[in-house]
Enquirer: 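Questions regarding the structure given below will be posed in turn.
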Amino acid sequence: MSKRPATETSDPALTSKRPKPPSGVTMSLERIRLEHIPESYRVYGALFRDVSNASFLQAQLISRNPEFEYAFVDASTVLSRAHLLAAVWNAVYTSVEGNLRTPNVHSEVVASLNINNNIADGYRRWGITPDKTKDLVVVKILSSPDTLGDAQQEKDVWTRLTAQVKGRPVQLTDQEIAQVTDWQKVRKYYKMNGAPVLDQTKDEAEKRKKMESLAIMGMALRGL
Amino acid sequence: MTEPTTEFPPPKILTLSSTHKPILITQGAEGRLYKTPSPFQPNQFCALKYRPPKPYRHPILDARLTKARISSEAKVLDRCYREGVPVPAVLAKDAAAGWMMIEWIEGEPVRVGINTWLGERPEDDAALDTTQEDETPLIDLMKRMGVAVGALHRTGVVHGDLTTSNMMLRPWADDRLPNGHGDKTEKAKAVAGDVVVIDFGLAMQSQSDEDRAVDLYVLERAFASTHPRAERLFHHILDSYRESFKKAPGVLHKLEDVRMRGRKRSMLG
């Protein structure tokens, strides 16, 4: 919805490489394609609405339960797919380069959403918060493909995830994300209040695109 | 690894998987620009700016300079973007590795647009054809250039290398033509679009009239040598610049001093 057709480069060669999800399985898990990372990586993402066990999930993260190695992101702090994927890409890249600042690639996703280097602050704002997180983005990053094949791996991840997260799965699209975004919070976290570029922009879709760019830039410039 | 090769080795980031092979767009003294798929925006491209290590510099100094320059360019872009100056947004960077990825700007450089407009006419024609044809679309572009440079300077940034190659003409989403001109010719299309300023490799933050005037002077000289046939129209850039922010008239006043002495300030007392 926020895509500007004028600047979008649509290339059939690019899109045709995206496989359809395996038939017969209805799932809201999506394999996310990123560029400029090793081909062995597999990234999966999903969005859960009305999550009822946020406290339990956060407790698993804190106790470093290996069964719960996911990036849990409070969906109200995400403003678009590209915004989320910028953090995911950064985490994978940082991991490949051996420069992780946090215990693993999943926690790195959450910390990467921050515009400063304070990791605890990143978890608190973008991570899962007991009693507060209602809608949850889940990202699973695997550094190697499954020997049984991608379809099987995808199915396994989804089966485990739906047993662990108590919520209503929806597609991880810009439309679904926009429904749960807390714009006031996002504006505050990314220091967008008073940014002249947003005041100058009247068109609402255009404005969201600019907010997305500002957030991504803030993340890219973290610590500068 | 250290042995010289005819083709420059791409940065490591471009050797990792990608659906499209990166394309080398330009190659300057300091760095290279590649067009490559955006890391996280499907079906979109980005520009990767890479500053390779300089073998003639001490490695520690080299690493520090590269890092500082990438960071400073990213910071300037961030500042401009926030302030509403039309510049590409930053997508990702690894200053230590010497690269940053920025938004890919569609369209042609202003240089190409102006040259297409001017067409194949012989050079000595310039004085004659002033009354021959309607130049509104070109003048309109010049005005938009003045506004863009004015917005940049108002923000407290001087570009350092303003040329018509360092401004892009991003096509308008609709097929609108300059100033409701209604002239749907190919020619008018060549100079249509938003002016987006690029390449902030030499940019710095400055509010001084002197620095701003030198910025304009560099543009004036570059314009005159790139587009001699349109030189007589250059004043339109300055006219719209004058209206674009409060301190602009002072800068233009200073520009006259700079013209008298050239870009460099005298170092003699």
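In what follows, every heavy atom counts, from backbone to side chain, and hydrogens, waters and symmetry copies are set aside. Naming: A, B, ... by sequence-line order, numbering from 1 per chain.
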Enquirer: Using non-hydrogen atoms only, which part of B:Ser38 is less than 4.5 Å away from chain A: side chain, backbone, both, or neither?
Expert: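 Just the backbone, heavy atoms under 4.5 Å.
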
Enquirer: Check the surroundings of atom NZ in A:Lys185: do more than 12 heavy atoms from other residues, nucleotides or ligands lie under 6.0 Å from it?
Expert: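 Yes, enclosed.
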
Enquirer: Using non-hydrogen atoms and a 4.5 Å limit, figure out which bit of B:Ala97 sits close to chain A: side chain, backbone, both or neither.
Expert: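 B:Ala97 touches chain A through side-chain heavy atoms alone.
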
Enquirer: Side chains of B:Arg82 and A:Met217: does their closest heavy-atom pair fall under 4.5 Å?
Expert: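 When only atoms from C-beta onward are counted, A:Met217 and B:Arg82 do not touch, as no gap falls below 4.5 Å.
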
Enquirer: Does atom NZ of A:Lys207 have more than 12 heavy-atom neighbours from other groups under 6.0 Å away?
Expert: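 Check passes, neighbour count above 12.
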
Enquirer: Looking at CG of B:Leu14 and CD of A:Glu35, how far apart are the two atoms once the value is rounded to the nearest 0.5 Å?
Expert: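 These two atoms lie 11.0 Å from each other.
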
Enquirer: Is B:Met101 close to chain A through its backbone or its side chain, or both, or neither, when contacts mean heavy atoms under 4.5 Å?
Expert: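 Contact with chain A: side chain only.
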
Enquirer: Given a strict heavy-atom distance threshold of 4.5 Å, which part of A:Gln200 is in contact with chain B: side chain, backbone, both, or neither?
Expert: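 The side chain, not the backbone.
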
Enquirer: Just checking B:Arg57: does its CZ atom have more than 12 heavy atoms from other residues, nucleotides or ligands closer to it than 6.0 angstrom?
Expert: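 Atom CZ in B:Arg57 is crowded, with more than 12 foreign heavy atoms closer than 6.0 Å.
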
Enquirer: Measuring heavy-atom distances to chain A, does B:Gln41 have an atom under 4.5 Å in its side chain, in its backbone, in both, or in neither?
Expert: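 The side chain, not the backbone.
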
Enquirer: Quick one: pull up CZ in B:Arg79 and CG in A:Leu221 and give me the separation to the nearest 0.5 Å.
Expert: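 It comes to 13.0 Å.
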
Enquirer: What part of A:Tyr41 lies closer than 4.5 angstrom to a heavy atom of chain B: side chain, backbone, both or neither?
Expert: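 For A:Tyr41, neither part sits under 4.5 Å from chain B.
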
Enquirer: Quick check on the interface: out of B:Gly84, B:Ala89, B:Pro39, who has the most heavy-atom pairs with chain A under 4.5 Å?
Expert: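 Sorted descending by pairs with chain A, the first entry is B:Pro39.
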
Enquirer: Counting only heavy atoms not in B:Ile23, do more than 12 sit closer than 6.0 Å to its CD1 atom?
Expert: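 Yes, CD1 of B:Ile23 has more than 12 neighbouring heavy atoms, counting only those of other groups under 6.0 Å.
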
Enquirer: Quick one, A:Arg81 and B:Phe40 - any side-chain contact, counting heavy atoms below 4.5 Å?
Expert: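 Not touching, per the 4.5 Å side-chain cut-off.
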
Enquirer: Out of curiosity, A:Tyr93 OH to B:Leu16 CG, how far, rounded to the nearest 0.5 Å?
Expert: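 It comes to 8.0 Å.
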
Enquirer: Got more than 12 heavy atoms from elsewhere within 6.0 Å of NZ, B:Lys54?
Expert: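 Yes, NZ of B:Lys54 has more than 12 neighbouring heavy atoms, counting only those of other groups under 6.0 Å.
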
Enquirer: Among A:Ser213, A:Ala86, A:Ala82, who wins on heavy-atom pairs under 4.5 Å with chain B?
Expert: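 Of the candidates given, the most pairs with chain B belong to A:Ala86.
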
Enquirer: To the nearest 0.5 Å, how far apart are CG in B:Asp94 and CG in A:Asn90?
Expert: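 One gets 9.0 Å once the value is rounded to the nearest 0.5 Å.
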
Enquirer: Between CZ of A:Arg33 and OG1 of B:Thr19, what distance do you get to the nearest 0.5 Å?
Expert: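 It is 10.0 Å, given to the nearest 0.5 Å.
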
